[in-house]
Each structure stands twice: as C-alpha cells, then as structure tokens.
Amino acid sequence: MTNKPLNDTIHRVTQRVIANSRDSRSAYLELMDREGDRQVNRGSLSCSNLAHAFAGAEEDQAAIMAAKGPNLGVVTAYNDMLSAHQPYHRYPERMKIWAREVGATLQVAGGTPAMCDGVTQGEAGMELSLFSRDTIAMSTVVALSHAMYDGVALLGICDKIVPGLLMGALRFGHLPAIFVPSGPMGTGISNKEKQRVRQLYAEGKANREELLASEMGSYHSPGTCTFYGTANSNQMMMEMMGLHVPGAAFVQPGAKLRQELSRAATHRLAAIGKSTDNFRPLARVVDEKAIVNAAVGLLATGGSTNHAIHIPAMARAAGIRFDWTDLAELSRAVPLVARVYPNGSGDVNHFHEAGGMGFVVGTLLEEGLAHADILTVWDGGFETYAREPGMDGDALVWRDPGPSGDPEMLRPASDPFQEDGGMRLVEGNLGRACFKSSAVERERWTIEAPCRVFDTQHAVNEAFAKGELDRDVVVIVRFQGPRANGMPELHKLTPALGVLQDRGYRVALVTDGRMSGASGKVPAAIHCTPEALGGGPLSKLRDGDMVKVCAATGELSTQADLSTRETAPAPEPETGMGREFFALFRAGANGAEQGASAMLAASGL
C-alpha cells in the first residue's frame, strides 16, 4: 500500500493538540512512569494480602503464587439485560483457558454498571446515563486497585461504557490494555421499515402492538444494536486507536471468528507486558495521534454525535487537550467515506460485509488522512488494521479487504460521499454546538424560523400532539445540560420533528441536551454550551424569537437582543430513580465541550 504524506490540516491540528497538551500530557506520563516503577510485585505482597487475592482462583492458585507468568485482569460490563453485553457471560471462563495456553493466568478484577440508553430513552433513568460514564471509570479504578495484574482486558461495547472503561484504565496506563468486543446482532427488519412504523405511531396511524412488533423485529437477539450509533462508533474508534485486535469490531457473537479474535486478544495481552521485550503500556498507546485518529474515524464514517463529548473526556484522562475547534477543523479536511444507517440504508453488518474497518483504515491511510505511526496493541503498526480477519481452516488470518463491496455503503477517500466530515461546529450569540451534517440533507443545513421554547422534551411532544408546531419552527429544548439534569438524550423528539419535516415545514432543533447517534434527518444544533442553567444564552430566548441554524456557514444565532433579558427560571431538579444520588455529578460537571465530567473536573485533569 502506497500512502500519501499526512494531510496538512491533520498535521496542523495534531501539532496544536500536542502543544496545548504539553504540560498536562507530561504530568500524566510522569505519573504513569512513577506508577510503573512502584508497581507492587505480587511476590512482595504480604502472605495475607496474597492469599486473599487468589483464594478463589482454584486451579490457577499455584501459578499465581509462584508468579510463573503474567496475571491478567478482566474488567467486565456484563449483564444479560443489555443485548450487546449478554455474550460476555462466558468470556472470562474461556479467557482463563486461553491465558493458560500461553503460560498466563487470568482473574476477573471487577465489574462495572452498563446501562442502555435505548431502554431509558424518554424516561427518568436517562438522567443518569451520561454520568454513568464517570461511575464506570471509577468502578474500573476500584477493580484495578488491587495491584494484582500485568495487563487488562476490557469487556465493554456500548454508549458510556467504552469511554468510561478507557478513562478508568488510563489511570493504570503503566499496564497494557486491550478492548475485547462481542459484536453486533444479526440484521433484522430494514431500517427504513422501522423508521416508517415509528412515524406512523407518532401520527396515531399505528398502535402500540404494531410498534412493539416492529421494534422487536429490529432488536431481537444478543449483540450490539445494528444501527451506527454510539455503541458501534465506539468500536470504530477502538480500531482507529489501535486498541483492538485488528478487525475485531463487527464480527457477530457466536461466530468461530469471533471466538478466535477474543482468543488472540488474550494471547496478545500476555505478550505485551512489562516483563516482555514488546511492552506496550496503555499510556503510550493512547497519545495525541491516537486521539486525532479516533476523531478522523468518527468524521469519515458519520459516527455518533455523543463522541463530541466522549473524545475530549477520554483525551483529558490521558493528559490530552482536544476540543470542538479541533474537531471542526478536522471535519473540513476529512471526507465522508461511509453511509451506515441512520446516515444510509444498510446497517453495521452490511458495512462489515462491504469491507468495514479494514477498508476504512486502508483508504484513510492511502490518502494521508490518518496517522500511520501510532503505537498499537498489535505488531506491525496501524497499517495492520487495514486488513480484515478471517478463518483459514482453524487458523486466524488477515487479508487485504480489496475494493468496496458496496459503493452505496463504502467509498474510497479519493471519491467520497461528501468532501468533508460528518460533523460541524455552529456558533454565535447562542453559544457553541454540534451539528451532524452527515445525517441531514444539504438543503436542510440552513433553517431560519421563529422559535418555540420548551424546558422538557415531554412538553415538545405535547405541543406536537395538539398541532401547535405545524409551521416553520426552531424548537428550543433547554435546561437539558449536564449541570441541569445530567444531559439526557432527546431521541424521542425525532419522530415528531420528522413528521413535521415530512409535512413540508422547515424544522430544526437547538438544545443543550444530547441526541442519540441513532438520530438524524432533522437538522439539530446539540450539546449547546454554555448550557441554559447558570445563564447560558438559551435561557434568555422567548417564543417567537428568530433563530438561525446554519451548518454551511457555522452559524447559531438569534436576531433578538438578549443583553437586556432576564434568565428564565430553571425547573426544580427531579427526584426518584436515584437521581438525587447523582446531584454531586451535576453540581461538579464542566461543559459539554470539556467532556461534561465532574470526576475529571474535580481531579484537576
């Protein structure tokens, strides 16, 4: 493969990120070096400590006691309510066997919560969702605090879970770490059909039984949901950062190939520890270039908007400063090479069959759009991720993916779907926000209309049901930021706003809340910062103010004079569903652009 020199914009952004991160990155690496130097040797633990640590290890007790080989820790997000994590049930048992094959041992270090935004959409539990990421990070830290491990296998896939696992693991960045995915469920009913029934239900033309039957036809078995939302964007980013076995992202659960990829991950983790001549600590794998690669992959594939929050947070955990200006500048240079539902008709299984991540990595490298010189968990550099895995009899092999298997799904970076990436920064006198341009038809990139202001998504749907929004309108949903109520996703607004758009109205959404990676179609300026709580500009808008959202020019503004207006009163915080326990996260959270994390803010990171 012949690669062009690195794109000038990507080089410039990377150098700016390196410069902006110099002090914080240096402090982080110094901490990791100290942690590595003083890492407890299991043999030096007191007999009582050590006995506690392997009392439950049964047949591995003798090997751990004698320190015959590396002892690997597993942090798992297993539960069997969440389809993506249900396959992890048997992983530790198998991984123990695979570890023994290479003279290692393996213990489950701990578990983390794993909640599903699909279950909590529009419900009270959604207000815990974003801050579950901090909880997961802290749970990972607790799991690894026993100083028993020479490497970490991270078992997690979905929305806040992968960022949380990575943020926590980076506190133990002196150890090697590998993410072990479990893959997407098989393709169900077509995404077009699912969307059709949802809109019929929103219009009162389908009943609850018909809607539930449709949803069950889509979400039907163990594995990740097949649309290209936050969960599958996570898997893409782990490949772009070199934290997977190459090509592991989108192989379905239960496949022989899936099992062999997980086996390879276990073997590899044992081979890259500190006692080897191929040491690859997580702190050195996740550097500024890896973070830029993650952002490039997000833009090139039209991934989830949630990662405009998660990438800055993951970066901060590694001492790296990355913001929306960096993301927007990269977006102008990175072409859109994939169209996966909701940005296209096919799902992640179709994406994988058409060439998947091997094709994406290969075409980005060929055009000089990604850093080839990152340190990955695998031998051979990042170019090894430009191949796709397969089975040759019982042997795991990698092959070049060849040309796109579906030009409507995947295109080379030299002939993309559009010349720029999937997200844009919009800003003005209403603040800064993200706009997922890859999901919206270009003729809808600019919406200017009178606004209608709401404090909850439920109030929006009530107004829709009453016919109050049947006109050109910019819907404002405020007091949805991290400090107000935990920044819930507002995905349940999509069907109603989609109906208005289909009726011929010019419609847009502006909010300081989040929208799911499953959303699309309706132009939306989301994650607006500063948030309304505390006096952000959205708190001063009134019904009828003219608001303009324009992805083409990057504008988010109103003609109204906000300087003389009082701030609207914020709703009282809701209680129940444990939301009161998360008050400390809300009180301490910083802005969406910084990652919306109370944990990172309080840690001075």
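Atoms considered below: every heavy atom in the structure, side chains included; atoms not considered: hydrogens, waters and symmetry mates. Source: prediction; values computed, not measured.
Residue Asp373 qualifies as enclosed at atom CG: its count of foreign heavy atoms under 6.0 Å is above 12. Residue Asp561 qualifies as enclosed at atom CG: its count of foreign heavy atoms under 6.0 Å is above 12.
With hydrogens and angles disregarded, no donor-acceptor distance shorter than 3.5 Å links the side chain of Glu239 to the backbone of Gly242. Judged by distance alone, with hydrogens and angles left aside, the side-chain atoms of Asn234 form a donor-acceptor pair with the main-chain N or O of Ile157 at under 3.5 Å. Asn343 contributes a side-chain N or O that, together with a main-chain N or O of Gly302, makes up a donor-acceptor pair within less than 3.5 Å. Under a 3.5 Å cut-off, the side chain of Ser304 and the backbone N or O of Gly229 do not form any donor-acceptor pair. Judged by distance alone, with hydrogens and angles left aside, the side-chain atoms of Tyr28 form a donor-acceptor pair with the main-chain N or O of Leu170 at under 3.5 Å.
Summarising the geometry, atom CZ belonging to Arg316 is positioned 7.0 Å from atom CG belonging to Leu605; distances are rounded to the nearest 0.5 Å. Atom CD in Glu580 sits 8.5 Å away from atom CZ in Arg586 (nearest 0.5 Å). Atom NE2 of His174 is separated from atom CZ of Phe279 by 8.0 Å, given to the nearest 0.5 angstrom. Put simply, CG on Leu541 and CZ on Arg452 are 13.5 Å apart, with the number rounded to the nearest 0.5 Å. Rounded to the nearest 0.5 angstrom, Asn306 CG and Ile311 CD1 are separated by 11.0 Å. A distance of 12.0 Å separates CD in Gln480 from CD in Glu489, rounded to the nearest 0.5 Å.
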Report, one line per pair, each donor and acceptor closer than 3.5 Å where one atom sits in a side chain of residues 530-537; sequence neighbours left out.
unit_1, atom_1, unit_2, atom_2, d
Glu531, OE1, Arg483, N, 3.4
Glu531, OE1, Ala484, N, 3.2
Glu531, OE2, Arg483, N, 2.9

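Using a 30° and 60° split on the angle between ring planes, Phe131 and Phe585 fall in the parallel class, below 30°.
Here Arg34 pairs with nothing under the salt bridge (Lys or Arg N to Asp or Glu O under 4.0 Å) rule; sequence neighbours left out. When the salt bridge (Lys or Arg N to Asp or Glu O under 4.0 Å) test is applied to Glu329, the partners found at least two apart in sequence or on another chain are Arg12, Arg16. Partners of Ala77 under the side-chain contact (heavy atoms from CB on, under 4.5 Å) rule, at least two apart in sequence or in another chain, are His85, Thr112, Ala114, Ile161.
Counting heavy atoms from C-beta outward, Ile309 and Arg133 have side chains that approach closer than 4.5 Å. Here the side chains of Gln457 and Thr511 are not in contact, with every heavy-atom distance at 4.5 Å or above. Proximity of Ser26 to Glu30: side-chain heavy atoms (C-beta onward) are separated by under 4.5 Å at one or more points. Residues Leu154 and Met238 form no side-chain contact, since every pair of their non-hydrogen atoms from C-beta on lies 4.5 Å or further apart. Between Met236 and Val360 the shortest side-chain heavy-atom distance does not fall below 4.5 Å. Between Val348 and Thr224 the shortest side-chain heavy-atom distance does not fall below 4.5 Å. Inter-residue side-chain proximity for Val340 and Met409 is flagged as met; some heavy-atom pair is nearer than 4.5 Å. Side-chain contact between Gln501 and Arg444 is present, with heavy atoms from C-beta onward closer than 4.5 Å.
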Item checked: Derivation of the side-chain contact (heavy atoms from CB on, under 4.5 Å) call for Phe179 and Val162 -> CA-CA 9 Å; Phe179 275 85; Val162 166; 3.9 Å; yes
message = Determine whether Arg565 and Asp545 satisfy the following criterion, salt bridge (charged side-chain N to carboxylate O under 4.0 Å, His left out), listing intermediate values before the conclusion.
response = CA-CA 13 Å; Arg565 291 187 181 175; Asp545 288 342; 2.5 Å; yes
Under the side-chain contact (heavy atoms from CB on, under 4.5 Å) criterion, do Thr529 and Trp324 qualify, and how do the steps go? CA-CA 11 Å; Thr529 186; Trp324 292 350; 3.6 Å; yes
Report the C-alpha distance between Lys289 and Val17 in whole Å, list the side-chain angles of each, state the deciding distance to 0.1 Å, and finish with yes or no for side-chain contact (heavy atoms from CB on, under 4.5 Å). CA-CA 9 Å; Lys289 292 180 179 179; Val17 171; over 6 Å; no
- Val522/Leu493 under side-chain contact (heavy atoms from CB on, under 4.5 Å): CA gap, chis, key distance, verdict: CA-CA 10 Å; Val522 176; Leu493 295 177; over 6 Å; no
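Nearest heavy atoms, Asp512 versus Cys528: CB-O, 3.3 Å. Across all non-hydrogen atoms, the minimal contact from Thr567 to Ser539 is CG2-OG, 3.2 Å. Taking both residues in full, the closest heavy atoms of Val286 and Leu166 are given as CG2-CD1, 4.3 Å, listed atom of the first, atom of the second, then distance. In terms of heavy atoms, Leu130 sits closest to His310 at CD1-CE1, 4.0 Å. Residues Val510 and Val547 approach most closely at CG2-CG1, 4.5 Å, considering heavy atoms. The shortest non-hydrogen separation linking Thr140 to Gly164 is OG1-O, 4.3 Å.
Applying the salt bridge (Lys or Arg N to Asp or Glu O under 4.0 Å) rule to pairs touching residues 419-434 yields Asp420-Arg424, Glu427-Arg432, Arg432-Glu593, sequence neighbours excluded. Residue pairs meeting the ring-ring contact (aromatic ring centres under 6.0 Å, His included) criterion with at least one partner in residues 280-299, sequence neighbours excluded, are absent.
Under 3.5 Å, the side chains of Lys160 and Ser129 contain a donor-acceptor pair of N or O atoms.
A salt bridge is defined here as a Lys NZ or Arg NE, NH1 or NH2 lying under 4.0 Å from an Asp or Glu carboxylate O, and Arg321 with Asp326 fails to meet this definition.
Exactly one residue among Thr363, Leu369, Asp415 makes a side chain to side chain contact (heavy atoms under 4.5 Å, CB included) with Pro335. That residue is Leu369. When the options Asn293, Asp287, Thr14 are evaluated for a side chain to side chain donor-acceptor pair (under 3.5 Å) with His371, the one that passes is Thr14.
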